[in-house]
Amino acid sequence: MKWLSLLTNEWIKIFSRIRTWIFIALPILIIIGVAVYDKVTTDAEVNENWKQELSQQMEDDKKALEDAKKDGGDDFYVDMLESNIKQNEYAIENDISPYEKTTWKYMKEMAPISSLIGLFVIVVASDIVSSEFSKGTIKMLLIRPYSRWKILLSKFLATLGFAFVMWLVVIATTWLVGGFAYGFGGIDQSYLVVTDNQEVRERTVVEYVFANIGVEFIELTALVALSFMISTLFMSNSVAIGVAMFTMFAGNTIVMLLANKDWIIYTLFANMDLSTLIDGQNQLIKDLTLPFSISMLAIYTAVMLAITFTVFQKRDVKA
């Protein structure tokens, strides 16, 4: 297919820029740095006497919980303290050390690095269309024997491919670094979660890791669609990147401020953090479920892509 040459060309454009390699290198350096820091600063005595450590944490959490209830503290904070106490009690009773480290546990702990990947994806996705207009190179693209939707599709797939490759590199690096630092075992290692009815349950870390990999792919697809739409709407690449970043930060802030509103579950940003729905831990909006959020992201992604392709098809390009 001749169209594949378009996709290849966009792929080359992305990886010919120095910033792309910086975006890939930074998470890798952070993953290595965190492991080295952890190995250097870890107190072996604390790990051996983990039950005493958890008992002290429980006492601190109980005092904080008592103070929060007296002062009418935030429900989310109170729930978190109660969950921590129940988990620690269960861990001590069932001899499950939260300090035991394996490569799978390290992968779970490093899951938040996806936020950094999302930031880099926003930059690439927000720039890929708007930069063609700001530099005037869009004219060269449009005179080629391809329809506009094919040109735009090649850019979208190239950006999506970059996001997925970057995430896979991070996954592989985390597993390798964690393996060399803590050992490649622990495939049956468990961690504790507290359900909505305040029951403590054991789940395997491997189960969480693979579930998180799946939901991160979904989140990245929605994030690329959002940034891609903004890139198409704004012809200035600097403005497009700025608007995309502001939209992400503003959207997350609004969700935090309005988390108690019933309608918030239907907004895009309320459904963007799927990782909290895997086991329901530290979930800000209690009414959300994983199937519901995935469905909402699919709807929003379809709408954003429809807007993107419609605007690009109808946009006039001055000679």
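Only heavy atoms go into these numbers, but all of them, side chains included; no hydrogens, no water, no symmetry mates.
- A salt bridge does not link Asp127 to Lys155: none of the charged side-chain nitrogens sits closer than 4.0 Å to a carboxylate oxygen.
- The aromatic rings of Phe292 and Tyr266 sit perpendicular to each other, their planes meeting at more than 60°, with 30° as the lower class boundary.
- Cation-pi check for Lys105 over Tyr182 is not met; the charged atom does not lie both under 6.0 angstrom from the ring centroid and within 45 degrees of its normal.
- Note: Phe162 and Phe15 have perpendicular aromatic rings, judged against thresholds of 30 and 60 degrees for the angle between ring planes.
- Hydrophobic clustering (ILVMFWY, side-chain heavy atoms < 4.5 Å, transitive): Ile24 and Ile12 are in distinct clusters.
- Taking the six-membered ring where tryptophan is involved, the planes of Phe184 and Trp175 are tilted, since the angle between them lies from 30° to 60°.
- Using a 4.5 Å cut-off on side-chain heavy atoms (C-beta onward), Phe210 and Ile213 make contact.
- If you chain together hydrophobic residues whose side chains sit under 4.5 Å apart, Tyr37 and Phe180 never meet in one group.
- In this model, no donor atom of one side chain and acceptor atom of the other lie less than 3.5 Å apart for Tyr191 and Gln87.
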- Item | Criterion side chain to side chain donor-acceptor pair (under 3.5 Å) on Glu216 and Ser114, from CA distance to verdict | CA-CA 8 Å; Glu216 284 297 338; Ser114 60; 3.0 Å; yes
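- With a 6.0 Å radius and a threshold of 12 heavy atoms from other residues, nucleotides or ligands, Ile18 has its CD1 atom at or below the threshold.
- When only modelled atom types and interatomic distance are considered, Ser275 and Asp273 share a side-chain donor-acceptor pair under 3.5 Å.
- A salt bridge does not link Lys86 with Glu89: none of the charged nitrogens is closer than 4.0 Å to a carboxylate oxygen.
- A side-chain donor from one of Asp60 and Gln56 sits under 3.5 Å from a side-chain acceptor of the other.
- Annotation for Arg201: atom CZ does not count as buried by contact number, only 12 or fewer foreign heavy atoms lying within 6.0 Å.
- Remark: the Thr102 side chain and the Trp104 side chain contain no N/O donor-acceptor pair separated by less than 3.5 Å.
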